Amino acid sequence: MEDAKPKSLNFLEEIVQENLASGLYPQGIFTRFPPEPNGYLHIGHAKSICLNFGLAQKFGGKTNLRFDDTNPMTEETEYVESIKKDVSWLGFTWANELYASNYFEQLYEYALELIKKSLAYVDDSTAEEIAAQKGTPTSPGTESPFRNRSVEENVALFQAMRAGKYPDGAKVLRAKIDMAHPNMHMRDPLMYRIRHVAHHRTGNAWCIYPMYDFAHGQSDSMEGITHSICTLEFDVHRPLYDWFIDKLDIFASHQFEFARLNLSHTVMSKRKLLQLVNEKIVHGWDDPRMPTISGLRRRGFTAASIRNFCERIGVAKRDNLIDLSLLEFCIREDLNKSADRVMAVLDPIKLVITNYPDGQVEDLSIENNPEDPASGKRIVPFSKELYIEREDFMVDPPKKFFRLGPGLLVRLKGAFIIQCDHFELNPDGSVKEIHAQYLPNSKSGQDTSGIHVKGTIHWVSIPHAVEAEVRLFDRLLIVEDASELGDDFLKFINPESLQVLDKVYVEPSLREAHVGEAVQFIRKGYYCLDADSTSERLVFNRTVTLKDTWAKEQNK
RNA sequence: UGACCUAUGGUGUAAAGGUAACACACCAGUUUUUGGUUCUGGUUUUCUAGGUUCGAAUCCUAGUAGGUCAACCA
């Protein structure tokens with residue numbers, strides 16, 4: 001028998017497989033997820049997390065969580081905690097929790113080593129002077145007047161820098177490479193700068209801090225990271241990454257780059273997300289409209305759906321713009337199988353069953369999830385007066401309207417078939433209430449009426465209804481691609497990205513719902529209970545609508 | 001007037017010189033006590049020009065287009 005064709009590997013998996021096959025890493029591979037703790041993680045980080053942890057899982061390796069905390073100006077413990085929470089929530093377990101700041105002493109020793117090899121020097125130039133020395137991408141740079149200090153002088157100066165003898169900006173340590181190198185990052189890059197600032201972990205122990213380029217590769221090396229995976233914009237850093245490792249003669253970790261995730265109708269850069277939070281355009285990092293992990297979680301996305309999304313988008317090196325519809329597909333696919341169905345009327349209108357006895361209540365038994373027989377049934381009370389969705393009634397319905405209208409028949413989900421015989425209008429011409437008669441022999445499950453109706457609508461019994469608030473979320477931006485908007489992106493915020501409905505009626509079983517629990521409001525979408533809920537007032541977030549081919553039909 | 005990266009349907013991702021396929025989206029039908037779900041079918045693709053080869057999405061050359069790089073950020 002022919003084996004099933006194995007799923008094709010992405011380019012990173014191919015590299016790992018080849019490395020392993022050639023016996024390069026007999027101990028197995030090691031990856032790392034290296035966030036800077038200066039903001040909350042977003043769906044783009046989820047791609048990186050799934051990639052790093054997924055690669056190790058697939059090939060029997062391990063993954064470290066390493067905080068790239070080399071800039072004390074922007075980093076905070078609050079962010080460290082949120083990052084740990086988000087990675088765990090996504091379902092991954094790191095081998096070690098590490099910090100670049102753990103390596104400050106070793107990095108300092110490495111710097112001294114390079115100074116002693118005449119491969120690094122202390123430069124007194126100002127930031128402006130150094131920028132001028134760099135030249136431009138199309139013209140070579142010029143050497144700093146401090147470039148040829150003696151080893152002894154450099155050692156003394158660097159030690160004095162560490163000892164706090166100089167103010168911020170007075171001096172830097174630079175690698176001595178090549179001011180005419182075609183790669184700007186090789187034109188004597190900065191290794192250390194002076195910053196008299198407390199660090200969230202090392203406090204005031206240091207006043208000099210290593211730059212990214214002098215910290216990342218060596219950190220990878222010290223941890224024995226075999227595959228250091230990062231996004232495309234670091235491609236031009238790779239020669240420098242390799243240069244430090246080579247000159248220090250330490251374990252050779254290797255860097256590989258992939259294209260970052262871009263998602264339609266949203267922004268992804270930390271700066272812009274921070275701007276949305278600071279300018280109160282959204283209500284915090286975990287606003288359900290945000291593409292952050294915490295926002296998606298609050299919105300009702302499951303970890304499994306996000307992992308699945310990351311799997312489906314693939315990994316390559318070309319720029320991409322993933323359509324939001326794929327993310328929506330992933331959460332619907334998951335919730336369709338797992339979320340219990342309940343009834344909620346978002347835009348209520350009163351329906352009176354005129355031939356149903358006053359005061360009578362029937363406890364109907366309705367299945368929780370047709371996709372999952374094991375989910376059982378629940379009791380839903382039925383009575384003479386109900387709420388139904390305003391859009392499910394039309395005074396003058398078109399041909400293919402399978403809902404309620406004068407004389408039309410429709411089934412109330414899990415209950416009876418009804419026929420509308422009367423409706424009343426408000427002074428403004430809107431429908432005030434609807435009257436209908438029910439067919440007593442059409443009860444769900446024991447229907448002997450012989451009548452088949454095309455439509456089924458949801459409802460809630462008025463005397464049993466629970467009032468709730470529902471927050472409807474939609475895409476953050478009205479444009480697909482925000483990449484060329486720059487700071488103008490704020491002009492393209494979707495004014496309907498948040499819509500609050502404060503008088504929604506839900507069936508009484510929802511009193512037992514707990515925060516974060518996902519349910520399907522039949523015919524309306526997937527929702528989850530928000531943390532803003534109290535014992536007096538339930539608040540639901542719409543995670544995503546159901547697919548709506550009727551809406552498409554209407555728009556034709 | 002530089003270096004580097006990239007180019008496959010509407011969007012993504014495969015095809016390791018040998019029939020261009022999978023998912024999403026879209027369209028049509030099927031199923032359905034959710035206009036959901038299911039199932040079936042369909043529309044649509046290798047940036048351009050040369051070259052190598054029996055044969056090129058794949059290799060070579062040159063263009064073109066997009067992206068990245070000139071922070072004491074990461």
Side-chain angles (χ1 to χ4, degrees), chain A residues 7-10 14 34-36 38 68-71 73-75 123 125-127 130-132 134-141 168-174 181-187 190-195 209 211-213 215-216 230-239 257 259 264 270 312-330 332-333 336-337 341 343 366-367 370-371 400-403 410-415 417 442 444-445 447 452-458 480 483 520-525 545-554:
Chain A
K7 198 172 178 304
S8 59
L9 302 178
N10 66 46
E14 278 180 12
E36 183 189 14
N38 69 345
D68 227 337
D69 56 349
T70 57
N71 183 2
M73 316 275 292
T74 57
E75 297 154 5
D123 195 332
S125 305
T126 64
I130 289 175
K134 292 248 177 182
T136 71
T138 54
S139 63
D168 289 7
K171 286 178 167 50
V172 292
L173 184 71
R174 297 176 74 177
H181 202 285
N183 182 333
M184 299 291 290
H185 294 275
M186 297 298 273
R187 320 240 264 225
L190 270 58
M191 293 164 61
Y192 270 91
R193 76 287 218 185
I194 300 169
R195 281 256 217 280
Y209 292 93
M211 302 289 292
Y212 166 85
D213 285 309
H216 203 96
C230 60
T231 47
L232 240 33
E233 63 269 29
F234 290 98
D235 179 272
V236 283
H237 293 248
R238 178 149 39 91
E257 309 85 18
S264 73
K270 262 182 202 170
R312 283 170 182 269
I313 58 176
V315 187
K317 294 190 76 160
R318 64 178 130 152
D319 293 324
N320 59 78
L321 181 63
I322 308 286
D323 200 288
L324 203 52
S325 64
L326 183 63
L327 222 206
E328 293 182 344
F329 169 81
C330 290
R332 286 192 190 110
E333 183 188 43
N336 177 49
K337 292 193 214 100
R341 274 61 169 167
M343 294 197 283
I366 303 181
E367 64 187 344
E371 300 295 313
K400 287 199 280 183
F401 188 74
F402 308 138
R403 306 179 191 181
V410 78
R411 174 173 293 281
L412 294 174
K413 173 70 183 176
I417 293 174
S442 67
S444 192
D447 185 349
H452 290 280
V453 292
K454 191 89 176 170
T456 299
I457 63 173
H458 58 281
E480 265 196 355
S483 68
Q520 183 195 107
F521 287 176
I522 290 181
R523 304 206 301 138
K524 298 308 302 181
T545 61
L546 258 25
K547 270 176 67 178
D548 191 351
T549 51
W550 169 242
K552 280 179 195 160
E553 181 73 25
Q554 281 177 305

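All values derive from a computational prediction rather than experimental measurement. Proteins get letters first, then strands, A, B, ... in listed order; numbering begins at 1 in each.
Considering only the side chain of A/N336, B/U37 comes nearest among B/G12, B/U37, B/A70. With B/C24, B/A15, B/C5 as the candidates, the nucleotide lying closest to the side chain of A/S8 is B/A15. Proximity note for A/R312 (side chain, C-beta onward) versus B/U34, B/A23, B/G12: the nearest is B/A23. Closest approach to the A/K552 side chain among B/A70, B/C27, B/A74 is made by B/C27 (side chain taken as heavy atoms from C-beta onward). The A/P370 side chain lies nearest to B/U34 when the options are B/U13, B/G2, B/U34. When each of B/U68, B/U37, B/U34 is scored by its nearest atom to the side-chain atoms of A/E371, the top-ranked nucleotide is B/U37. For A/V236, taking side-chain heavy atoms from C-beta onward, the closest of the listed nucleotides B/C69, B/C5, B/C24 is B/C69. Here the side chain of A/D68 is nearest to one of B/A74, B/A70, B/G35, namely B/A74. With B/C73, B/U33, B/A25 as the candidates, the nucleotide lying closest to the side chain of A/M211 is B/C73. Which of B/U11, B/A3, B/A15 sits closest to the side chain of A/D323 comes down to B/U11.
With salt bridges taken as basic N to acidic carboxylate O contacts below 4.0 Å, one links A/R238 and A/E257. Under 4.0 Å is where a charged nitrogen must lie from a carboxylate oxygen, and between A/R193 and A/D168 no such pair does.
Across all strands, A/Q520 comes closer than 4.0 Å to base atoms (heavy-atom distances). In this structure, A/F329 reaches the sugar-phosphate backbone alone: every heavy-atom distance under 4.0 Å involves primed, P, OP1 or OP2 atoms, never a base. Residue A/D319 is in sugar-phosphate contact alone, with no base atom involved, counting any heavy-atom pair closer than 4.0 Å across all strands shown.
Atom name C1', nucleotides B/G29 and B/U37: the rounded distance is 16 Å, in whole Å. Spacing of P atoms, B/U45 relative to B/G10, comes out at 7 Å, to the nearest Å. Here, B/A7 and B/U43 have their C1' atoms 24 Å apart, quoted to the whole Å. Look at the C1' atom in both B/A23 and B/U64: the space between them is 31 Å, to the nearest Å. For the C1' atoms, the distance from B/G51 to B/A14 is 27 Å, rounded to whole Å. The gap from the P atom of B/A15 to that of B/U8 amounts to 15 Å, rounded to the nearest Å. For the P atoms, the distance from B/G12 to B/U53 is 37 Å, rounded to whole Å.
Comparing A/R238 and A/S325 against RNA chain B, the residue whose closest nucleotide sits nearer the 5' end is A/R238.
In this structure, NZ of A/K547 is placed 9 Å from C1' of B/A25, rounded to the nearest angstrom. Rounded to an integer number of Å, the gap from CZ of A/R332 to P of B/U34 is 18 Å. If you measure from atom CD1 of A/I313 to atom C1' of B/A25, you get 16 Å, rounded to the nearest angstrom. If you take NZ of A/K317 and P of B/U68, they are 15 Å apart, rounded to a whole angstrom. Here the P atom of nucleotide B/C73 and the CG atom of A/D168 are 10 Å apart, to the nearest Å.
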### Message
Pair A/T545, A/K524 - check side chain to side chain contact (heavy atoms under 4.5 Å, CB included), show working.
### Response
CA-CA 6 Å; A/T545 61; A/K524 298 308 302 181; over 6 Å; no
### Verdict with supporting geometry, A/T136 and A/M184, side chain to side chain contact (heavy atoms under 4.5 Å, CB included)
CA-CA 8 Å; A/T136 71; A/M184 299 291 290; 5.6 Å; no
#### Entry: Criterion side chain to side chain contact (heavy atoms under 4.5 Å, CB included) on A/L190 and A/V172, from CA distance to verdict
CA-CA 7 Å; A/L190 270 58; A/V172 292; 3.8 Å; yes
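Regarding contacts with the backbone of B/A74, a side-chain N or O of A/T70 is found under 4.0 angstrom from either OP1 or OP2. When the side-chain nitrogen and oxygen atoms of A/T549 are compared with OP1 and OP2 of B/G36, one or more of them lie within a distance under 4.0 Å. Residue A/R195 has no polar side-chain atom (N or O) positioned under 4.0 Å from OP1 or OP2 of B/C72. Dashed line: the shortest gap from a side-chain N or O of A/R193 to OP1 or OP2 of B/A74 is under 4.0 Å.
At a cut-off of 3.5 angstrom, counting only N and O atoms as typed in the model, there is a donor on one side and an acceptor on the other between the side-chain of A/R403 and the base of B/G35. For A/T456 and B/U34, a side-chain-to-base donor-acceptor distance below 3.5 Å is absent, hydrogens and geometry of angles not being considered. Donor-acceptor pairing under 3.5 Å, judged by distance alone, is present between the side chain of A/H237 and the base of B/A74. A donor N or O paired with an acceptor N or O is found under 3.5 Å between the base of B/U8 and the side-chain atoms of A/R318.
The aromatic rings of A/Y212 and A/H237 lie perpendicular to each other, with more than 60° between the two planes, well past the 30° mark.
Residue side chain A/W550 meets the stacking definition with respect to B/G35: its ring centre sits within less than 5.5 angstrom of the base's six-membered ring centre, and the planes differ by less than 30 degrees.
Closest of all the heavy-atom pairs between A/M211 and A/Y192 is CG-N, 4.2 Å.
More than 12 heavy atoms of other residues, nucleotides or ligands shown are found within 6.0 angstrom of NZ on A/K317.
Across all strands shown, B/A62 pairs with B/U48; the Watson-Crick or G-U wobble distances both stay below 3.5 Å.
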